[in-house]
Amino acid sequence: MVIIEYSELEMLIVRIREISGFDFSGYAKPSLLRSTSRYLTKNAMNLKELFLYIEQGGRAVYDLIQELTVNYSEMFRDPDYFKKVRTEVFTYLDSYPALRFWVAGCASGEEAFSMAILLKEAGLQGKSLIYATDLSNKVLTAAREGVFTLGNIRTFSENYLQAAGTGSLSDYYYVAYNRAVIAPELRKNIIFSLHDLTGDGVFNEFQFISCRNVMIYFSLELRQKVFRLLYDSLSMLGFLCLGKRETLRYSGIEQHFKIIDSELNIYQKIK
């Protein structure tokens, strides 16, 4: 693997910002260092060649940005979390006439599809709209297609059963050309769109926001900026859900939330 120094990474961050306007300065440096090294190794480049490549701007720098942002998920990842949402959160939201959900950092759609299944099984799908956003157009294209390998589906099915699914995951996809395709009925209430948590603003008011396993790649200062965006996007008494390794501590907004589950990091906005 190609190894680069922190000083070289800083130079790269500055040049990406100058060319594209996208700012990686708030991202955790060890994670960026690993991602950049993987990118260089995969493309058989050294750092000098990478700088020359991104000088083209356009697709060249955009492809690099896509590679450096982390896009990994599973359907029903952390099954206990989905069980808790089903029993503690949906029972509260059931009385609302209309519901808006935001899955921030949706990667290739796994969490959004999981939420859609949960809503359908709870009888809430008809009055719910899911906004699933990500920084990467590449993964959003994959999300809109809703196609997964059968190997992935086996893992997703195990997670679904552990999350107390009321049927079978196979109820929600069909197989074509040795791939699993998410059923159109499940996708009809999901809007996949481009959104940069670190730079874009509020675009709606939500009763539920899931931003799981995204903050761990940000510095404290950038996390606080993103937390303020999430707070401003959440309706009063709405729910904010973070990943298991994330927390509202030191967010600057923790005093505005009630803890629903401290281990699964589910919070409710109370002021």
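Only a predicted model underlies this, so the values are computations on that prediction, with no experimental measurement involved.
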Heavy-atom pair with the smallest gap, counting every atom of [X] and [Y]:
X    : Y    : answer
F113 : S108 : CE1-O, 4.1 Å
A176 : V181 : CB-CG2, 4.5 Å
A132 : A112 : CB-CB, 3.8 Å
E5   : L33  : O-CD1, 4.0 Å

Taking the six-membered ring for Trp and the full ring for Phe, Tyr or His, determine whether the centres of F156 and F148 are under 6.0 Å apart.
-> yes
Hey, would you say the Y53 and F51 ring centroids sit under 6.0 Å apart?
-> no
Separation between [atom1] of [X] and [atom2] of [Y], rounded to the nearest 0.5 Å:
X    : Y    : atom1 : atom2 : answer
F227 : L197 : CZ    : CG    : 10.5 Å
H195 : T198 : NE2   : OG1   : 9.5 Å
N178 : L150 : CG    : CG    : 5.0 Å
E74  : N152 : CD    : CG    : 8.0 Å
Y27  : L68  : OH    : CG    : 9.5 Å
I260 : L240 : CD1   : CG    : 11.0 Å

For a 4.5 angstrom cut-off between non-hydrogen side-chain atoms, does [X] reach [Y]?
X    : Y    : value
N46  : V2   : no
C211 : L230 : yes
L242 : T247 : no
F192 : D134 : no
D200 : L229 : no
I253 : K269 : no
I117 : Y160 : yes
Y81  : N265 : no

Does either side chain, that of [X] or that of [Y], offer a donor lying less than 3.5 Å from an acceptor on the other one?
X    : Y    : value
Y172 : E121 : yes
N189 : Q125 : no
W102 : S233 : no
R100 : N204 : yes
D94  : Y96  : no

Under the side chain to side chain donor-acceptor pair (under 3.5 Å) rule, collect the residues that match up with [X], sequence neighbours excluded.
X    : value
E254 : S251
S37  : none
E185 : K120
E111 : S210, R212

Is R223 salt-bridged to E246, cutoff N-O under 4.0 Å?
-> no
Once side chain to side chain contact (heavy atoms under 4.5 Å, CB included) is applied, do any residues pair with [X], and if so which ones, sequence neighbours excluded?
X    : answer
K244 : D78, L264
P184 : Y174, R187
V89  : V85, L93, F208, F239, I266
L161 : none

Please lay out, stage by stage, how L12 and I54 fare under the test side-chain contact (heavy atoms from CB on, under 4.5 Å).
-> CA-CA 10 Å; L12 180 63; I54 65 173; 3.9 Å; yes
Answer with yes or no whether the hydrophobic clustering places [X] together with [Y]; edges join I, L, V, M, F, W, Y residues whose side-chain heavy atoms lie under 4.5 Å apart.
X    : Y    : value
M75  : F82  : yes
Y250 : F218 : no
L220 : Y231 : no
L135 : L140 : no
I191 : L124 : no

Counterpart residues, salt bridge (Lys or Arg N to Asp or Glu O under 4.0 Å), relative to [X] (two or more places apart):
X    : value
K29  : none
K84  : D261
E18  : R15
R228 : D232

Return yes when atom [atom1] of [X] has more than 12 non-hydrogen atoms of other residues, nucleotides or ligands closer than 6.0 Å, and no otherwise.
X   : atom1 : value
Q56 : CD    : yes
M11 : CE    : no
R17 : CZ    : yes

Go through the steps for T149 and I153 under the test side-chain contact (heavy atoms from CB on, under 4.5 Å), then give the verdict.
-> CA-CA 6 Å; T149 68; I153 283 292; over 6 Å; no
Backbone N or O of F206 within a donor-acceptor pair of the S235 side chain at under 3.5 Å?
-> yes
Measure from the side-chain N and O atoms of N43 to the backbone N and O of L40, and report whether any donor-acceptor pair falls under 3.5 Å.
-> no
Would you check, one step at a time, whether the test side-chain contact (heavy atoms from CB on, under 4.5 Å) holds for L99 with L129?
-> CA-CA 6 Å; L99 295 167; L129 192 59; over 6 Å; no
Could you check F76 against L169 for side-chain contact (heavy atoms from CB on, under 4.5 Å), going step by step and ending with a plain yes or no?
-> CA-CA 11 Å; F76 294 96; L169 191 64; 4.2 Å; yes
Derivation of the salt bridge (Lys or Arg N to Asp or Glu O under 4.0 Å) call for E67 and K42 = CA-CA 11 Å; E67 290 288 334; K42 185 175 77 171; 3.1 Å; yes
